[in-house]
**Student:** 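Have a look at the structure that comes next, please.
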Amino acid sequence: MTASFSLPPEAAEPRLDVARRTLERLRGVPALAARYAAHVNVHTLERLAALPPLAKDDLNTALAHLEPAAEHSATWLFQSGGSTGAPKVGYAPTGFYMAGVHAHWQPLDRTDVFANAWGAGRMWGAHYLAAGLADLSGCRIIALGSVTREEYGDWLAFLADRGVTAIGGTPSVLRLWFAHARATGVRLPSLRKVLWLGEAWQPQLDEDLAVVAPQARRWGMFGSTETWVVGTNTPDCPADTFHPLPHQLVHVDADGLLDFTTLDPEMLNPVLRYHTGDAGELTACPCGRPGPAMRVLGRRDSVVQVRGLGLDVDELITRAEREPGVARAQVVLTEQRGRATGVDVLLLADGPGAAPDAERLRKALLAATFTLSTAFQHDPESFRVRPVDALVSNGRTGKTAALVVREES
C-alpha cells in the first residue's frame with residue numbers, strides 16, 4: 001500500500017499531524033461530517049489511504065463553511081474553472097507558498113529578464129504565483145499579463161529588444177506567442193527558459209521553439225488553485241513527469257487516479273486525498289533524481305453525458321488532431337435545460353495553407369464513435385465538425401479548455 005505514496009512511511013508519517021488537523025477541520029463541516037465519522041487517528045499511510053477522497057464540490061463546500069484566513073499576511077481568494085462548470089475557489093496567503101517551491105526548484109536567477117505572460121487581474125492566480133517565484137529569484141520582471149492577438153507583433157519586438165531570457169504562461173497561451181513569432185519571422189535568440197503551469201505541455205511548442213528560440217528549454221509546474229504547486233520538472237525530465245515537493249504527499253489509488261494531501265501546516269485549503277481528476281503513476285524519472293516522480297497520464301474527468309451516453313472528450317480530440325492539417329481541436333457541447341442539443345468539434349488549421357477535410361472527418365467520427373452515432377441517430381446534423389480561425393478561450397486567462405459547455409435559451 002505504501003508503495004503507492006510519493007514518500008515512504010518514515011518520511012511521511014511524522015508529518016501526518018497536518019493531515020489529522022485537516023481531517024478535524026473537515027469533520028467540523030456539517031455537510032461532510034458523516035463521511036468522516038468512522039475515520040479517526042490517521043497516523044499511518046494505510047489509514048490515510050482508507051479516507052474517502054475529496055472532490056472539487058466537496059472542497060467548495062468545506063471552504064464555504066471554514067472561510068480560511070492566513071495568520072501573518074493577507075488572504076487571497078482565487079478561482080479555477082468557469083469555462084466548463086462552476087468556478088472553484090481556492091485560498092492562499094501572500095507569497096502563495098512559493099518560498100517552499102523556490103527552495104527546491106530554481107529555474108530563474110538574478111541574471112534573468114522574465115516575461116510573465118500568465119493572465120493577470122480578476123481572480124486568476126498563476127500570474128501572481130509566478131511573480132512570487134520571480135521575486136524570490138531576484139530577477140528582472142516584465143509583467144505582460146493578457147495580450148490580444150493584434151498586440152503580439154509589437155510585444156515580441158519589445159521582448160527581443162530587451163533581451164528577454166525567460167517567459168512563462170499556460171501552454172495554450174505560449175503557443176499563440178511562439179506560433180505568431182514563427183509565422184512572422186521573429187526570433188528570440190536570448191530566450192533560454194520557458195516556465196509553464198496550468199495545462200499539459202503541447203508538443204507543437206517544441207517545434208515552434210526550435211525555430212524561434214533554439215536555446216530555450218521548458219521548466220514545468222504541476223498543481224491547481226486548490227493544491228497550489230504539487231511538483232516541478234526540469235529540462236532533463238519528460239514533460240509529463242514531475243517531482244513532488246516534500247510538503248505535498250501524492251497517492252495513486254486503485255483506479256490509477258492521483259490524489260493529494262498537504263503536509264504543509266500553513267496550507268489554507270483543507271487538501272486531504274484531493275482528486276484533481278488526473279490519472280497517473282509513480283515512477284523513476286530519466287533525469288536521475290532519486291525518489292519516485294509523478295507521471296501524469298491525463299484527465300479521467302473528460303467523459304461528459306450526451307443524451308444519456310458517456311462521450312470521452314479527450315478521445316474525440318485525439319482522433320480529430322490526427323487529421324492532416326489540424327493543429328488543435330476543441331469540443332463544444334450545447335445544452336438546453338440540461339439536455340445536449342448539439343456537439344461541435346472545432347478545428348484549428350495547422351498553418352495558413354492547411355485545409356482540413358471537415359466533412360470527411362465528421363463522417364468518420366460518427367461512424368467510429370458509438371456515443372455520437374447513437375446519440376445523434378435521428379438528427380446527425382446536430383453533430384458538426386467546423387474549421388475555425390480561433391478556438392474558444394477564456395478572455396481573462398487566455399486558457400483554451402478541451403471542452404466548452406454552452407447553455408442556449
Side-chain angles (χ1 to χ4, degrees), residues 83-84 117-119 146-153 155-156 167-188 191 194 196-214 216-218 220 238-240 296 298-299 302 311-333 343-366 368-369 372 383-395 397-404:
S83 58
T84 61
W118 276 283
S146 300
V147 174
T148 65
R149 181 189 297 267
E150 295 74 21
E151 297 175 313
Y152 283 134
W155 277 112
L156 281 165
I167 190 171
T170 58
S172 57
V173 171
L174 293 171
R175 180 81 208 286
L176 296 174
W177 278 98
F178 292 115
H180 185 95
R182 184 178 180 182
T184 56
V186 174
R187 300 294 179 263
L188 299 171
L191 188 67
V194 179
W196 56 283
L197 167 72
E199 299 168 339
W201 181 259
Q202 296 179 16
Q204 298 96 328
L205 272 167
D206 293 319
E207 300 173 12
D208 292 337
L209 284 169
V211 176
V212 175
R217 299 293 181 267
R218 51 171 174 71
D240 61 358
V296 181
R299 298 192 69 82
S302 66
L311 177 65
D312 190 323
V313 172
D314 287 346
E315 180 182 347
L316 191 61
I317 287 176
T318 298
R319 287 173 179 265
E321 290 183 346
R322 291 195 194 112
E323 184 74 6
V326 175
R328 293 193 64 194
Q330 182 181 54
V331 174
V332 178
L333 174 63
V343 171
D344 290 81
V345 178
L346 308 184
L347 307 178
L348 188 64
D350 188 14
D357 190 338
E359 181 56 25
R360 187 185 64 78
L361 178 59
R362 189 188 79 86
K363 292 178 179 177
L365 291 174
L366 270 177
T369 311
L372 295 174
F383 172 66
R384 298 166 290 267
V385 176
R386 299 188 289 116
V388 294
D389 293 329
L391 302 180
V392 180
S393 62
N394 186 314
T397 67
K399 289 182 69 174
T400 304
L403 171 69
V404 176

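Because the structure is predicted, anything quoted here is derived from the model rather than measured.
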**Student:** Would a 4.5 Å heavy-atom cut-off, applied to side chains only, mark Val332 and Leu346 as touching?
**Tutor:**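 Answer yes - side chains close enough.
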**Student:** Check Trp155, Trp196, Tyr152 against Trp177 for a ring-ring contact (aromatic ring centres under 6.0 Å, His included) and give me the one that passes.
**Tutor:** Tyr152
**Student:** Considering all heavy atoms of both residues, which atom of Pro171 and which atom of Leu205 are nearest to each other, and what is their separation?
**Tutor:** O-CD1, 3.8 Å
**Student:** side-chain contact (heavy atoms from CB on, under 4.5 Å) for Leu403 and Asp314? Distances and angles first, verdict last.
**Tutor:** CA-CA 9 Å; Leu403 171 69; Asp314 287 346; over 6 Å; no
**Student:** Apply the test side-chain contact (heavy atoms from CB on, under 4.5 Å) to residues Asp357 and Glu359: give CA-CA distance (whole Å), side-chain angles for both, the deciding distance (0.1 Å), then the verdict.
**Tutor:** CA-CA 6 Å; Asp357 190 338; Glu359 181 56 25; 4.3 Å; yes
**Student:** Determine whether Phe383 and Val345 make a side-chain contact, defined as any pair of heavy atoms from C-beta on separated by less than 4.5 Å.
**Tutor:**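 SC-SC contact between Phe383 and Val345 confirmed.
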**Student:** Okay, side chain of Trp201, backbone of Gly220: is any donor-acceptor separation there less than 3.5 Å?
**Tutor:**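 The answer is no, because no donor-acceptor pair under 3.5 Å joins these two groups.
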**Student:** Please report the C-alpha distance between Leu311 and Leu372 in whole Å, then the side-chain angles of each, then the deciding distance to 0.1 Å, and finally whether the side-chain contact (heavy atoms from CB on, under 4.5 Å) criterion is met.
**Tutor:** CA-CA 8 Å; Leu311 177 65; Leu372 295 174; 4.1 Å; yes
**Student:** How far apart are the closest heavy atoms of Pro356 and Gly325, and which atoms are they?
**Tutor:** CG-O, 3.4 Å
**Student:** Tell me, do Leu188 and Leu156 make a side-chain contact under 4.5 Å, heavy atoms counted?
**Tutor:** yes
**Student:** A side-chain contact here means heavy atoms from C-beta on lying under 4.5 Å apart; do Val194 and Leu209 qualify?
**Tutor:**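 Yes, at least one pair of side-chain atoms sits under 4.5 Å.
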**Student:** Find the distance between CZ (Arg328) and CG (Leu348) and round it off to the nearest 0.5 Å.
**Tutor:** 7.5 Å
**Student:** Do you know the tightest heavy-atom contact between Gly169 and Leu174?
**Tutor:** O-CD1, 3.5 Å
**Student:** Would you indicate whether the side-chain heavy atoms of Val385 and Lys363 approach each other to under 4.5 Å?
**Tutor:**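 Heavy-atom side-chain distance check fails, nothing below 4.5 Å.
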**Student:** So how far is it from Glu199 CD to Thr170 OG1, rounded to the nearest 0.5 Å?
**Tutor:** 4.5 Å
**Student:** Taking atom types as modelled, is there a side-chain donor on Thr148 or Glu151 under 3.5 Å from an acceptor on the other?
**Tutor:** yes
**Student:** Please find the pair of heavy atoms, one from Ala402 and one from Val313, that lie closest to each other, and give the distance.
**Tutor:**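 In this case the closest contact between Ala402 and Val313 is O-CG1, 4.0 Å.
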**Student:** Of all the heavy-atom pairs spanning Ala368 and Arg319, show the shortest one and how long it is.
**Tutor:** CB-NH1, 3.4 Å
**Student:** So do the side chains of Leu333 and Asp344 get within less than 4.5 Å of each other, counting heavy atoms only?
**Tutor:** no
**Student:** Would you check if Val173 and Val147 make a side-chain contact, meaning some heavy-atom pair closer than 4.5 Å?
**Tutor:**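 Answer no - side chains too far apart.
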**Student:** What's the separation between atom CD1 in Ile317 and atom CZ in Arg322, rounded to the nearest 0.5 Å?
**Tutor:**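 The distance works out to 12.5 Å.
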**Student:** Measuring from atom CZ of Arg175 to atom CD of Glu207, what distance do you get when rounded to the nearest 0.5 angstrom?
**Tutor:**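 One gets 7.5 Å once the value is rounded to the nearest 0.5 Å.
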**Student:** Looking at Leu191 and Ile167, what are the two nearest heavy atoms and their distance?
**Tutor:** CD1-N, 3.9 Å
**Student:** Kindly compute the distance separating CG (Leu391) from CD (Gln330), expressed to the nearest 0.5 Å.
**Tutor:**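 Going from CG on Leu391 over to CD on Gln330, the span is 4.5 Å.
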**Student:** Would you please name every residue forming a salt bridge (charged side-chain N to carboxylate O under 4.0 Å, His left out) with Arg217, sequence neighbours left out?
**Tutor:**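 Salt bridge (charged side-chain N to carboxylate O under 4.0 Å, His left out) list for Arg217, sorted by chain: empty.
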**Student:** Enter the distance from Arg384:CZ to Leu365:CG here, rounded to the nearest 0.5 Å.
**Tutor:** 14.0 Å
**Student:** With a 4.5 Å heavy-atom cut-off, do Asp206 and Gln204 have their side chains touching?
**Tutor:**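 SC-SC contact between Asp206 and Gln204 ruled out.
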